[in-house]
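So the structure is just underneath, and the comments pick up after that.
In the text below, chain A, chain B and the rest are named by the order of the sequence lines, each starting its count at 1. Every heavy atom of this structure was used, including side-chain atoms; hydrogens, water molecules and symmetry mates were not.
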Amino acid sequence: MENKKQALIIVVGPTASGKTDLAVKLAKALETEVISADSRYFYKGLNIGTAKPTKSEMQGVTHHLIDCTTVDNPWSLGEFRTHALKLIKEINSKGKIPILVGGTGQYIRAITKNWNVPTIESDEGLRITLENWAKLIGKKELWNKLKIVDPEAAKKIDFRNLRRTVRALEVILKTGKRFSGLRNFSDNPLNSLTLGISWPRDLLYKRVDFRIDQMIKQGLVAEVNDLVSQGRDELLRRIGIIGYTEIIDYLEGKLTLEQAVKLIRKNTRVFIRTQSNWFKADDPNIYWLDGKDPALLVKALDLTKNYFANQGIILGMP
RNA sequence: GCCGAGUUAGCUCAGUUGGUAGAGCAUGCGACUGAAAAUCGCAGGGUCCACGGUCCGAGUCCGUGACUCGGCA
């Protein structure tokens, strides 16, 4: 690696767009490794419902940051960032450019915008206390408390967004420092190429509906049942994972299976829309590729080789 | 054929004693310095089945027709 900057290939796109497949094929062609930027692939035991790539789908390509923890010990963005940066460095030092692939926009941005993340562990007890306090005095009042101790942070947080108010207060109470003071970011410190996979919405929705039916056939209910019987249902609910909370409701008799599946479809569609806020069609830093294009892989490979060749970096075998 | 109920947004439906229409879902857009598959905000969209009548004014009242769903033959 001649270039002193760390180099990285990034693959983004909404759920069910074919990121995993493209990343594996790119990795094989370029003889490199994959780093997952998917916040739900971290957890052991969440396989079917998260559409985690299987061993055979990985086709022998080394994948990092998959099954690296359990729901009892949720990873934060900070932990992801620390590990991802370390892996990028390691793989670069082997003369390879890793492929960062995932649908968690915030995580991708934390890498490309070099967010500096304070490593403050979450405190579930404190969070619950703050949430209960908000129930008593109201979201707005809790936000007003934040405004007193950290007006800068309050200014950037919608008072209706309780979750962010709670997080800001949590950080302040745990560190004694202002939340707003712990924030900083910089320009992209990496030499990175971002590939995006795009689909017309209606087609993507059809792919998602099909995939959800497949998940049910592959035994999503049994997978969730296992987690529930291990007493993990409350943890799963607090993390909030599409496909799991709905099936828990089914197992608890709050929904029929049909209602649960319908709700999974709905929630996945909403997810696709909010996901698109992180990967926009007019983002000049993303090279968008048509997901339906049979030549997707060839085009992605050409783009990648050309991009790095312009900087004197030759990828793959001649 | 007769009797009843209905026809309003893409879907399911509200709509007061007549004053040119609302909700939920869906759809689209957006925020987000870190719990993010989370949390939250905004918007577009209607020949009110058709035609005629009454009225200053009809989604609303009257008539005729079309279609849908029940019940009876």
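Close to B:U39, at under 4.0 Å from its OP1 or OP2, lies no side-chain N or O of A:Lys139. Within the 4.0 Å cut-off from OP1 or OP2 of B:A37, not a single side-chain nitrogen or oxygen of A:Tyr244 is found. Between B:C32 and A:Arg164, no contact under 4.0 Å exists linking OP1 or OP2 to a side-chain N or O. At the phosphate of B:C40, neither OP1 nor OP2 sits under 4.0 Å from any side-chain N or O atom of A:Lys156. Contact check, A:Arg109 against B:C32: no side-chain N or O comes under 4.0 Å of OP1 or OP2. Of the side-chain N and O atoms in A:Ser39, none sit less than 4.0 angstrom from OP1 or OP2 of B:A35.
Among the protein residues, A:Ser276 comes within range of no part of the nucleic acid, since none of its heavy atoms lies under 4.0 Å from any strand. A:Glu246 comes within contact range of no nucleotide atom at all, as no heavy-atom separation falls under 4.0 Å. Base contact: A:Thr50 has a heavy atom under 4.0 Å from a base atom. A:Asn267 comes within 4.0 angstrom of no nucleic acid atom, judged by non-hydrogen atoms across all strands. Base engagement by A:Arg40 is indicated by at least one non-hydrogen atom pair under 4.0 Å involving a base atom. Within the 4.0 angstrom heavy-atom criterion, base atoms lie near A:Arg127. Residue A:Gly49 is classed as a base contact, given a heavy-atom separation below 4.0 Å to a base. Contact annotation for A:Val270: no contact, since no heavy-atom pair falls under 4.0 Å across all strands.
Remark: the backbone N or O of A:Ala51 is paired with a side-chain donor or acceptor of A:Tyr41 at under 3.5 angstrom. When atom types are taken as modelled, the side chain of A:Trp278 and the backbone of A:Thr104 share no donor-acceptor pair closer than 3.5 angstrom. With A:Asp150 contributing its side chain and A:Leu146 its backbone, the two residues share no donor-acceptor pair below 3.5 Å. Checking side-chain atoms of A:Glu57 against main-chain N and O of A:Asp21 turns up no donor-acceptor pair under 3.5 Å. Without hydrogens or angle criteria, A:Glu252 side chain to A:Asp249 main chain gives no donor-acceptor distance under 3.5 Å.
If you measure from atom CD1 of A:Ile264 to atom P of B:A37, you get 17 Å, rounded to the nearest angstrom. Atom CD1 of A:Ile157 is separated from atom C1' of B:A36 by 14 Å (rounded to the nearest Å). Going from atom CG of A:Leu162 over to atom P of B:G41 covers 12 Å, rounded to whole Å. Between the P atom of B:A37 and the CD1 atom of A:Ile248 lies a distance of 17 Å, rounded to the nearest Å. For the pair A:Leu77 CG and B:A36 P, the computed distance is 8 Å after rounding to whole Å. A:Gln259 places its CD atom 16 Å from the P atom of B:C25, with the value rounded to the nearest Å. Atom NZ of A:Lys155 and atom C1' of B:C32 are 17 Å apart (whole Å). What separates NZ of A:Lys262 from C1' of B:A26 is a distance of 11 Å, to the nearest Å.
Hydrophobic clustering of Ile, Leu, Val, Met, Phe, Trp and Tyr side chains at less than 4.5 Å, counting indirect connections, keeps A:Ile66 apart from A:Val11.
With A:Arg238 as the fixed residue, the side-chain contact (heavy atoms from CB on, under 4.5 Å) test singles out one of A:Val71, A:Ile128, A:Asp233, A:Thr245: A:Ile128. Applying the side-chain contact (heavy atoms from CB on, under 4.5 Å) test between A:Pro14 and each of A:Thr274, A:Ile197, A:Val208, A:Leu204 identifies A:Leu204 as the sole match.
Rounded to whole Å, the C1' atom of B:C48 lies 16 Å from the corresponding atom of B:C61. Here, B:G15 and B:A21 have their C1' atoms 8 Å apart, quoted to the whole Å. If you take atom P in B:A58 and the same atom in B:U20, they sit 11 Å apart, rounded to whole Å. Comparing the same atom, C1', in B:C55 and in B:G63 gives a spacing of 16 Å after rounding to whole Å. Straight-line distance between the C1' atoms of B:A23 and B:G45: roughly 14 Å, to the nearest whole Å. Taking atom C1' in both B:U47 and B:U8, one finds a spacing of 12 Å when rounded to whole Å. Comparing B:C49 with B:G59, their P atoms are spaced 10 Å from each other, to the whole Å. Comparing B:C11 with B:G46, their C1' atoms sit 14 Å apart, to the nearest whole Å.
Across all non-hydrogen atoms, the minimal contact from A:Thr165 to A:Asp158 is OG1-O, 4.4 Å.
Counting heavy-atom neighbours within 6.0 Å of A:Tyr287 OH, excluding the residue itself, gives a total of 12 or less. Annotation: A:Lys94, atom NZ; neighbour count of heavy atoms from other residues, nucleotides and ligands within 6.0 Å is above 12.
Note: A:Trp75 and A:Phe42 have tilted aromatic rings, judged against thresholds of 30 and 60 degrees for the angle between ring planes.
Between the side chain of A:Asn277 and the base of B:G30, a donor-acceptor pair under 3.5 Å is found.
Listed nucleotides: B:A35, B:C40, B:A26. Nearest to the side chain of A:Arg269: B:A26. Distances from the side chain of A:Arg167 to the nucleotides B:A37, B:A35, B:G41 place B:A35 closest. When distances run from any side-chain atom of A:Trp278 to the nucleotides B:G30, B:C32, B:A35, the shortest one goes to B:C32. Ranking B:A35, B:G30, B:C40 by closeness to the A:Lys280 side chain, first place goes to B:G30.
Taken residue by residue, residues 197-214 of chain A places heavy atoms nearer than 4.0 Å to RNA chain B at A:Arg201, A:Tyr205.
For RNA chain B, runs of at least 3 consecutive pairs of the Watson-Crick or G-U wobble type, with both hydrogen-bonding distances under 3.5 angstrom, map to B:1-7 with B:66-72, B:10-13 with B:22-25, B:27-31 with B:39-43, B:49-53 with B:61-65.
Both the sub-6.0 Å distance and the 45° axial angle are satisfied by A:Lys140 relative to the ring of A:Phe159.
Positionally, the nearest nucleotide of RNA chain B for A:Lys266 lies more toward the 5' end than for the other of A:Lys266 and A:Trp75.
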